[in-house]
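Encoded as structure tokens, the structure appears first; notes follow it.
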Protein chains: 2
Amino acid sequence: MSNTSRAVYDTLAGIGRALGNGHRLELLERLAQTEAPVETLAQATGLSLANASQHLQHLRRAGLVTARREGRQMYYRLTDERIVTLMGLMREIAESNLAEMERLVGQLFGGSDADEALEPMSREALAQALAQREVTLLDVRTREEYGAGHLPGAINIPMDQLEQMLDRLPRDQEIVAYCRGPYCVLSHEAVRLLQRQGFRVRRYEEGYPEWKAAGLPTD
Amino acid sequence: MSNTSRAVYDTLAGIGRALGNGHRLELLERLAQTEAPVETLAQATGLSLANASQHLQHLRRAGLVTARREGRQMYYRLTDERIVTLMGLMREIAESNLAEMERLVGQLFGGSDADEALEPMSREALAQALAQREVTLLDVRTREEYGAGHLPGAINIPMDQLEQMLDRLPRDQEIVAYCRGPYCVLSHEAVRLLQRQGFRVRRYEEGYPEWKAAGLPTD
DNA sequence: TCAATAGTCAAATGTTCAATTGAGTATTTG
DNA sequence: CAAATACTCAATTGAACATTTGACTATTGA
């Protein structure tokens, strides 16, 4: 092994280290929705401001995010769409090879009843159903996240308002709910709520960032 | 953020940490060629036996490799083909976003002269050229690596014997050389040597593990 | 059964990392 | 220009990592 190739692996390992912390993964997932200033990110992840700032700079040194000043705020954003794909692959590998992961995901989503009965929808199936206008898409993220980009034609009803706005949803067509990504629980909650109310509803198994990273159209 | 979802991110981060060390990345790359016992891996990477063993166990805890005893040797192997894809993605992201990476890769391969003149061949282009029998494939890895799997129809001439065995290569067809992966220098050296000798020769830009991980046929 | 081989484990060392605290900086607003 | 906002930076503390060394364990072969 030459000295240079050692240096190549070390540089590459820098990316690994950046991905080697749960808080940083959360920050990346949040950034996959849309760029955001430090304070917003700190709140979203429950980190102190200084700590969030330092994690973000760690990510910046690894080349995964960039920062841009706007007034007195620093907006951070992912440098590369492929980072979403990268995290998705890590997830797939973890889910198929770590028993621990299976247990946790079960615990996160298993919560209750029949919502397992209906298979979640894959990206491909959803793309096809959308093309044929067979389903109504429901985005249960916040208004801001929706505003920054969403699947084509999706209706936005943030999860905490869903119960009050059931009249905006069709009863004669299947509804597909989605949120931030595979570990976001909002769409699970939405499905449970809507099923109780008698709607025909399923989940899209990923989320907005994965859809976008796959190169599919967004609004 | 729920407690469980925090635990999910931490578990995922375990994979990141495992990828967060240059020596471990080297071990993974070596394992992408074929399974191997600890001592072989230690030699290939220049690590002490104990140190290699500990890195391997780190990888095992992260679910990236598994071990199997055979006599007095422990054979380690990748648990999942997708790990090759994961490392490939890290590489792509690093190359497009880190100036440092560009510099190092240039230094690793730029070495000399005209070998840049000919574009390396992409996986797709190579697959097509093979299907049409337009090229002769040359595998310059060791006999063992070749024996554990290689691209369909490839001739094996380890790099250190290439100069003595030029008569086994055709002068009337383009040759495509490949080795262990994108950072392996053997195929670069092969191309340089063969070009000096008047052969028509190019590189396949990745290597055996990437070809295999992409689901393409191997021998 | 004894020696040799191939690896793992435990302890010890120096290094890097994560989080907190408090001070410092850039930008806007009154 | 002064105060407020939104960060960033430096210093500190305890935890986790990487490496070496030497002891320990499992398997084989004489």
Handout entry: Nearest-Å distance for atom pair CE/C1', residues B:Met74 and D:dT25
Key = 12 Å
Exercise for the section: Could you work out which one of D:dC7, D:dT19, C:dA6 sits closest to the side chain of B:Arg72? Expected result: C:dA6
Handout entry: Evaluation steps, side-chain contact (heavy atoms from CB on, under 4.5 Å), between B:Val8 and A:Leu108
Key = CA-CA 9 Å; B:Val8 167; A:Leu108 189 60; 4.3 Å; yes
Practice task
Could you state the atom-to-atom distance from NE2 of A:His58 to C1' of D:dC9 in whole Å?
Solution key: 17 Å
Exercise for the section: Check whether any side-chain nitrogen or oxygen of B:Arg17 sits under 4.0 Å from OP1 or OP2 of D:dC17, and answer yes or no. Expected result: yes
Handout entry: A:Ser48 side-chain N/O to C:dA19 phosphate OP1/OP2 under 4.0 Å
Key = no
Problem - C:dT8 OP1/OP2 closer than 4.0 Å to side-chain N/O of B:Ser53 - result: yes
Problem - D:dA18 OP1/OP2 closer than 4.0 Å to side-chain N/O of B:Asn51 - result: no
Practice task
Identify which nucleotide among D:dG22, C:dA18, D:dC9 has an atom closest to any side-chain atom of A:His55, counting heavy atoms from C-beta outward.
Solution key: C:dA18
Problem - Pairwise distance OG1(A:Thr79) to CG(B:Asn97) - rounded to 0.5 angstrom - result: 4.0 Å
Fill in the blank from the handout: Rounded to whole Å, the CZ-C1' distance (A:Arg6 to D:dA18) equals 14 Å
Practice task
Take atom CZ of B:Arg69 and atom C1' of C:dT5, then tell me their distance rounded to the nearest Å.
Solution key: 11 Å
Handout entry: Ring geometry between A:Phe109 and A:His188 (parallel below 30°, tilted from 30 to 60°, perpendicular above 60°)
Key = parallel
Practice task
Please state whether the phosphate of D:dT8, meaning OP1 or OP2, lies under 4.0 angstrom from any side-chain nitrogen or oxygen of A:Tyr76.
Solution key: yes
Practice task
Test for a donor-acceptor pair under 3.5 Å between the base of D:dA6 and the side chain of A:Glu70, counting only N and O atoms.
Solution key: no
Exercise for the section: Indicate whether OP1 or OP2 belonging to C:dT20 is found under 4.0 Å from a side-chain N or O atom of A:Gln54. Expected result: no
Problem - Test item: A:Glu145 side-chain N/O and A:Thr142 main-chain N/O as donor-acceptor pair under 3.5 Å - result: yes
Practice task
Find the distance A:Asp10:CG to D:dC17:P and express it as a whole number of Å.
Solution key: 17 Å
Problem - Value in whole Å for how far the P atom of C:dA19 lies from CD of A:Gln57 - result: 15 Å
Practice task
Taking only the side-chain nitrogens and oxygens of A:Asn21, find out if one of them lies under 4.0 Å from OP1 or OP2 of C:dC17.
Solution key: no
Handout entry: Gap between atoms CZ and C1', on B:Arg61 and C:dC9 respectively (whole Å)
Key = 12 Å
Fill in the blank from the handout: Rounded to whole Å, the OH-P distance (B:Tyr75 to C:dT8) equals 13 Å
Handout entry: Residue-phosphate contact under 4.0 Å: A:Arg24 side-chain N/O, C:dA18 OP1/OP2
Key = yes
Practice task
In plain terms, say whether A:Arg202 and A:Glu119 are close enough for a salt bridge, that is, a side-chain N and a carboxylate O under 4.0 Å apart.
Solution key: no
Exercise for the section: Tell me whether the OP1 or OP2 atom of D:dT28 has a side-chain N or O from B:Gln73 closer than 4.0 Å. Expected result: no
